[in-house]
Amino acid sequence: MVEESPYRFRIDRRDPMRVPGVIFASRSLLPDAGADRSLDQVANVATLPGIVDASYAMPDVHWGYGFPIGGVAATDIEAGGVVSPGGVGFDISCGVRLLTADLDRDELRPRLDAVMDGLSEATPRGMGKGAVWHLTGRDELDAVLRGGSRYAVERGFGVERDLHRCEDYGAVDDADPAQVSERAIERGARQVGSLGSGNHFLEVQAVEQVYDEPVAEAFGLRPGQVCVMIHCGSRGLGHQICTDHVRAMEKVMGRHGIHVPDRQLACAPVSSHEGRAYLGAMAAAANYARANRQLLAHAAGQIFERQTGRRLDLVYDISHNLAKIEDHAVDGGTRRLCVHRKGATRALPPGHPDLPEELRAAGQPVLIPGSMGTGSYVLTGVAGAPAWASTCHGAGRVQSRKQAVVAGRGADPRAQLEAQDIAVRGASRRGLAEEMPAAYKDISAVVEAAEGAGLCRKVARLVPLGVVKG
DNA sequence: ATGTCC
């Protein structure tokens, strides 16, 4: 491992790697090789057919299925580049949505308990059970898989303006519900509009600090302002799609002449039947995840209006588990790439044509959920950044769930949060123990490294007032 | 992350 510059380390190319590995991190954030094999995974990803420039890792990198979480890899489609479900992850289009209320934290204080009770009741969560929507059948689920947040807005769960504040205007093109298995459909039908569990949450937050006033203003953020952050994904549907397509690709990799150092890197050329099938199913799951966040946000907005008389306005909705077909400058030309971001967030710079007009001068809002009780960040993209306009996605685990439970034995996680004046709703003791800050890297150090590496810029820091968990 | 093993 070579320290190329502050916040940038290189794993030199060696056979069978096709490109080097590049890790954006401070020395203290680098994974401990004894406890976490994610740097081996960075090197493994570098062997994938068609990979361009480098196998990248963000400062929150940690061990994942095949690819590391916090990994970014782009493949050149016309040069036989592959797509790999493990490069997206099981929770397809897992992401974050941030909303603001025209309300100061001091104004909310007397209503906070009532707001939290309302949010708790309005937010289906936990393993398996409950959802905002009860779909009538396959036709309606297909509409969700094709239309994402756009379909939810069409059905009255939100307003047209929301779509301008969603990545891809609320839906990915080229979703192909025919590539979604019956089992995935069955799992998904019961869960449209549900939070899930684990590190997924809905938080009421306040803007604690603003680092860039003009950009914060463009995003609609001011000091002391009340916000709602929702972190969730595609539930059982995305999980089943990942499982199905990994299995399908494992069977045909040899036929495509592809050999990988880890079975979990199962992949197929983007232009192959299996590659296109996965991308069609992945896009469907992405739309499901976006509709999911749209429904939960709408439900939260109704609670806010009832309890405070103020509505919630969408700042942005962005995924951190997705592969996207994007055009990028490579060696002086433009190439069509399949950019895998797994536990990594797209960060479009100011002026990017994919941004809505009102955000174009400021850049894309990049939403970074912190570990429970520690605060979250809003960042933005910077021009000329490396790693295909990507940055970190969160704190990143340093302890497994099991380790976190063992390490926290004797402590009362709920009491710890309440001692920090954070209201807690509906979380199991074990669920809380698994998500305690000690199980994660320091979010501020992660963001510091991401900014230091030139991947993004800080805009604001948010702190939790109340949390709803599964 | 996940009907934490079909």
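Chain A is the first sequence line, chain B the second, and so forth, proteins listed ahead of strands; every chain is numbered from 1. Values in this document were obtained by computation on a predicted structure and should not be read as measured data.
Look at A/Glu434 and A/Arg430 and you find a salt bridge, because one of the NZ, NE, NH1 or NH2 atoms lies within 4.0 Å of a carboxylate O, short of that distance.
Here A/His298 pairs with A/Phe157 under the ring pair (Phe, Tyr, Trp, His ring centres under 6.0 Å) rule; sequence neighbours left out.
Within 4.0 Å of A/Gly198, counting heavy atoms only, lie sugar-phosphate atoms of the nucleic acid but no base atom. Residue-level contact check: A/Arg187 touches the bases, meaning some heavy atom is under 4.0 Å from a base atom. Residue A/Ser197 is classed as a sugar-phosphate contact, given heavy-atom separations below 4.0 Å to backbone atoms only. Residue-level contact check: A/Glu186 touches neither bases nor backbone, having no heavy atom under 4.0 Å from any strand.
Checking A/Met127 against A/Arg247, the closest nucleotide of DNA chain B that is more toward the 5' end is the one next to A/Met127.
When the P atom of B/dG3 is taken as reference, atom CD1 of A/Ile185 falls 15 Å away, rounded to whole Å. Rounded to an integer number of Å, the gap from A/Lys402 NZ to B/dT4 C1' is 11 Å. What separates CG of A/Asp244 from P of B/dC6 is a distance of 12 Å, to the nearest Å. The distance between atom CD of A/Glu435 and atom P of B/dT2, rounded to the nearest whole Å, is 11 Å. Nucleotide B/dC6 holds its P atom 8 Å from the CD atom of A/Gln240, rounded to whole Å. One can place CZ of A/Phe90 at 12 Å from C1' of B/dT4, the figure rounded to the nearest angstrom. Between the CD atom of A/Glu182 and the P atom of B/dC6 there is a distance of 18 Å, rounded to whole Å. Here the C1' atom of nucleotide B/dT4 and the CD atom of A/Glu434 are 9 Å apart, to the nearest Å.
Just one residue in the list A/Gln179, A/His245, A/Lys251, A/His256 forms a side chain to side chain donor-acceptor pair (under 3.5 Å) with A/Glu274, and that residue is A/His256.
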Evaluate A/Tyr288 against A/Trp133 for ring-ring contact (aromatic ring centres under 6.0 Å, His included), listing each step before the verdict.
CA-CA 12 Å; A/Tyr288 182 97; A/Trp133 244 354; 9.9 Å; no
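Using a 4.0 Å cut-off, some side-chain N or O of A/Arg235 falls inside it from OP1 or OP2 of B/dT2. Taking 4.0 angstrom as the limit, A/Gln191 places none of its side-chain polar atoms (N or O) nearer than this to OP1 or OP2 of B/dT2.
In this structure a side-chain-to-backbone donor-acceptor pair under 3.5 Å is present from A/Ser55 to A/Val42.
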